[in-house]
Amino acid sequence: QKEVEQDPGPLSVPEGAIVSLNCTYSNSAFQYFMWYRQYSRKGPELLMYTYSSGNKEDGRFTAQVDKSSKYISLFIRDSQPSDSATYLCAMRDGGATNKLIFGTGTLLAVQP
Amino acid sequence: EAGVAQSPRYKIIEKRQSVAFWCNPISGHATLYWYQQILGQGPKLLIQFQNNGVVDDSQLPKDRFSAERLKGVDSTLKIQPAKLEDSAVYLCASSYAAFEQYFGPGTRLTVT
């Protein structure tokens with residue numbers, strides 16, 4: 001079993017739709033949870049990070065963490081064609097190193 | 001602020017040949033990471049440096065991969081000899097704070 005599972009998609013939605021992206025994980029030691037966006041032929045860029053359980057909102061993006069279910073989500077409201085990219089979840093434990101474990105990524109296409 | 005620089009952007013080599021990648025992190029970032037991203041997968045950490053010391057190289061295939069970070073700034077990753085399964089994007093990232101890793105554009109390696 002992989003430590004982090006993520007549906008690879010592809011996910012295609014019309015412009016303006018609400019998008020839900022999800023990851024599950026097995027390591028209960030994970031405490032920090034991140035979402036990265038990766039455009040084609042570019043490096044990943046950090047969108048959001050959360051510590052432990054709860055919600056965090058930043059503009060059109062909302063990240064949710066449910067540690068009891070080992071489940072994290074990223075919601076995108078009013079999706080735009082410019083949101084078309086691969087979304088990677090990543091997580092780490094509370095140790096001294098900053099080692100991130102990534103999901104496989106979900107490819108999202110927002111159709112105009 | 002200049003981002004993480006990597007070169008070359010693309011490289012095609014035959015199996016059993018050697019190849020080297022270069023990374024220049026963001027100025028002032030003490031921590032540098034090399035990741036391997038195989039098509040359709042998330043990035044996998046190969047090696048992490050703190051200044052010029054190795055923090056984690058547990059997933060580095062040391063029989064063929066080597067990396068160094070002289071003077072705690074630039075870094076090179078070498079593969080010798082390359083195998084077909086080494087075809088991937090090699091991403092360099094750097095960080096100052098614990099959470100946010102800034103990624104370069106990557107080097108796309110094709111081994112034929």
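Everything quoted here is computed from the prediction, not taken from an experiment. Note on naming: letters A, B, ... go to the chains in the order of the sequence lines (proteins, then strands), and numbering restarts at 1 for each one. Computed over heavy atoms, backbone and side chain alike; hydrogens, waters and symmetry mates excluded.
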Exercise. Answer with yes or no whether the hydrophobic clustering places A/L74 together with A/L11; edges join I, L, V, M, F, W, Y residues whose side-chain heavy atoms lie under 4.5 Å apart.
Key: yes
Those residues of residues 14-24 of chain A that come under 4.5 Å of chain B on a heavy-atom basis, listed by number, are none
To the nearest 0.5 Å, atom CG of B/D56 lies from atom NZ of A/K99 at 4.5 Å
One should read off an interatomic distance between B/E100 CD and A/E45 CD, to the nearest 0.5 angstrom, of 10.0 Å
Applying the 4.5 Å side-chain criterion to the ILVMFWY set and letting contacts propagate, would B/F49 and B/L60 be lumped into a single cluster? yes
When the 4.5 angstrom heavy-atom criterion is applied to A/P8 and chain B, the contacting part is neither
Expected contact set for residues 61-80 of chain B against chain A at heavy-atom separation under 4.5 Å reads none
* **Within 6.0 Å of NZ in B/K11, more than 12 heavy atoms from elsewhere** => no
d(A/L100 CG, B/Q101 CD) to nearest 0.5 Å is 4.0 Å
If one checks every heavy atom of B/Q48 against chain A at 4.5 Å, the contacting part turns out to be side chain
| task | Identify whether A/Y25 and A/W35 are in the same connected component of the hydrophobic contact network (ILVMFWY, side-chain heavy atoms under 4.5 Å). | result | yes
Rounded to the nearest 0.5 angstrom, the CD-CG distance for A/Q38 and B/L91 is 6.5 Å
message = Please say yes or no: joined through hydrophobic side-chain contacts below 4.5 Å, possibly via intermediate residues, are A/Y87 and A/I72 part of one cluster?
response = yes
Bottom line for B/S58: the part with an atom under 4.5 Å from chain A's heavy atoms is side chain
The interface call for B/Q37 against chain A, heavy-atom contacts under 4.5 Å, is side chain
Most heavy-atom pairs under 4.5 Å with chain A, out of B/G40, B/P43, B/A93, belong to B/P43
Taking a cut-off of under 4.5 angstrom between non-hydrogen atoms, the residues of residues 103-112 of chain A near chain B are A/G103, A/T104
The reported gap from CZ in A/F102 to OH in B/Y35 (rounded to nearest 0.5 angstrom) is 5.0 Å
Same apolar cluster: A/I101 and A/M48, side chain cutoff 4.5 Å
yes
Sorted by chain and residue number, the side chain to side chain contact (heavy atoms under 4.5 Å, CB included) partners of A/S28 (sequence neighbours excluded) come out as A/K70
Please check if atom CG in B/L84 has more than 12 non-hydrogen atoms from other residues, nucleotides or ligands closer than 6.0 Å. yes
